[in-house]
Amino acid sequence: MAGCSFTKACVERGLGLCFNNGDEEFGGWFEDLCNTQLSENIEKLAMILWSVWGVRNDLLWNDKANSVERVVSSAITYLELWKFAQSNNGGASSSSGQSRAGVEHCIKPSWGESKVNCDAARFFWRKDGLGWIARDHAGLCFAAAAVKLRGEIDPVVAEALSMKEALSWVKSCWGEGRTVEDFCPTALILESDCLVLVNAINSKSYILSPLGLIISDCINLIRSFSGFYISVQFVG
């Protein structure tokens with residue numbers, strides 16, 4: 001892999017390096033870095049190489065090419081998410097069976113509350129979609145939306161976009177003291193089955209990636225409400 005020009009370009013862009021002497025210099029640096037655990041760039045390098053391997057498989061099996069920019073952006077996003085998940089779960093995997101705060105199964109909202117479930121999906125023809133559904137305290141649906149996305153999008157990014165779309169709808173209905181048919185909820189619960197997204201929003205952490213910008217938009221939308229309380233919960 002050290003002799004691959006695409007890998008070299010991804011590493012140069014991701015780590016901010018420049019190899020003026022071609023593959024020989026890059027190969028020597030690559031070997032030295034892989035043999036040490038002391039470099040601060042080793043985690044980022046590993047994630048870039050993992051992303052490059054995924055691109056290689058996509059090209060081999062699906063005849064689909066990806067750009068250097070897309071590979072690096074994906075690698076940085078997943079590295080930040082991995083670090084965030086480790087810091088919030090004490091090193092345990094988010095898929096472990098250990099109990100976690102905020103985990104619940106889907107239940108009806110309390111009297112006066114509303115609940116919005118957000119989700120994203122990838123269909124077998126490799127198209128992405130996202131949507132949300134709003135329910136009242138009786139568990140009855142009173143609003144819903146679905147959006148088909150163009151191109152392939154990272155699954156966590158799609159989940160975050162679904163959350164942002166739902167919050168934007170809430171803002172259009174009840175922002176700045178507005179009511180819908182004389183109704184305004186006493187509290188609103190947003191539910192998602194993406195634990196990393198829920199943890200990131202609730203911790204109000206900043207993630208330096210395209211995903212982080214969407215999460216920041218979600219946090220700012222939640223902060224903009226003063227008429228009622230909004231919570232974001234994980235639902236299994």
Side-chain angles (χ1 to χ4, degrees), residues 70 73-82 84-85 88-89 94-95 100-109 113-137 139-175 178 180 185 187-225 228-236:
R70 183 178 178 87
S73 176
S74 176
I76 293 174
T77 296
Y78 274 102
L79 177 59
E80 293 298 325
L81 288 174
W82 180 81
F84 182 82
N88 281 272
N89 293 314
S94 61
S95 61
R100 295 178 293 266
V103 177
E104 65 170 47
H105 295 287
C106 188
I107 59 175
K108 293 192 296 185
E113 293 181 345
S114 293
K115 187 173 280 191
V116 181
N117 290 89
C118 312
D119 202 5
R122 171 162 294 176
F123 304 101
F124 67 90
W125 55 88
R126 300 182 69 80
K127 295 293 184 180
D128 296 295
L130 57 87
W132 51 262
I133 180 170
R135 294 173 293 142
D136 60 18
H137 62 268
L140 299 177
C141 170
F142 65 88
V147 178
K148 184 171 70 173
L149 302 174
R150 293 180 177 272
E152 291 183 34
I153 297 180
D154 180 89
V156 181
V157 171
E159 295 280 359
L161 285 172
S162 176
M163 181 75 69
K164 181 181 176 180
E165 287 294 319
L167 283 165
S168 297
W169 170 78
V170 173
K171 183 75 171 179
S172 68
C173 291
W174 297 299
R178 290 190 291 269
V180 178
L188 184 76
I189 303 169
L190 288 129
E191 291 184 338
S192 171
D193 61 0
C194 181
L195 181 60
V196 171
L197 173 63
V198 171
N199 283 341
I201 292 176
N202 286 331
S203 68
K204 300 176 177 58
S205 297
Y206 178 71
I207 300 175
L208 187 61
S209 68
L211 172 62
L213 297 177
I214 303 173
I215 291 174
S216 294
D217 287 342
C218 291
I219 293 172
N220 290 332
L221 279 167
I222 292 172
R223 286 173 173 170
S224 69
F225 288 91
F228 55 88
Y229 177 72
I230 295 181
S231 62
V232 177
Q233 297 181 2
F234 172 76
V235 60

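The first residue in the sequence is number 1, and the count goes up from there. What you see is a predicted model; the values in this text were computed from it and never measured. All values below were derived from every heavy atom in this structure, side-chain atoms included, with hydrogens, water molecules and symmetry-related copies excluded.
Using a 30° and 60° split on the angle between ring planes, F228 and W174 fall in the perpendicular class, above 60°.
A pairwise comparison of heavy atoms in C194 and S192 identifies N-OG, 3.1 Å as the closest pair. The two atoms that bring V232 and V198 nearest to each other are O-CG1, 3.8 Å, heavy atoms only. The two residues E191 and N117 have their closest heavy-atom pair at OE1-ND2, 2.7 Å.
A distance of 12.5 Å separates NZ of K204 from CD1 of I215, quoted to the nearest 0.5 Å. To the nearest 0.5 Å, atoms NZ (K164) and CG (N220) are separated by 10.0 Å. Atom CD of E113 and atom OG of S231 lie 7.5 Å apart (nearest 0.5 Å). Atoms SG and CG, on C118 and L130 in that order, are 9.5 Å from each other to the nearest 0.5 Å. Distance check: I201 CD1 to C218 SG gives 4.5 Å after rounding to the nearest 0.5 Å. To the nearest 0.5 angstrom, M163 atom CE is 10.0 Å from D119 atom CG.
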Could you walk me through whether S114 and I189 pass the side chain to side chain contact (heavy atoms under 4.5 Å, CB included) check?
-> CA-CA 6 Å; S114 293; I189 303 169; over 6 Å; no

Dump the intermediate steps for side chain to side chain contact (heavy atoms under 4.5 Å, CB included) on V116 and I133, then the final yes or no.
-> CA-CA 6 Å; V116 181; I133 180 170; over 6 Å; no

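Atom CZ of F142 sits in a crowded spot, with more than 12 heavy atoms from other residues, nucleotides or ligands closer than 6.0 Å.
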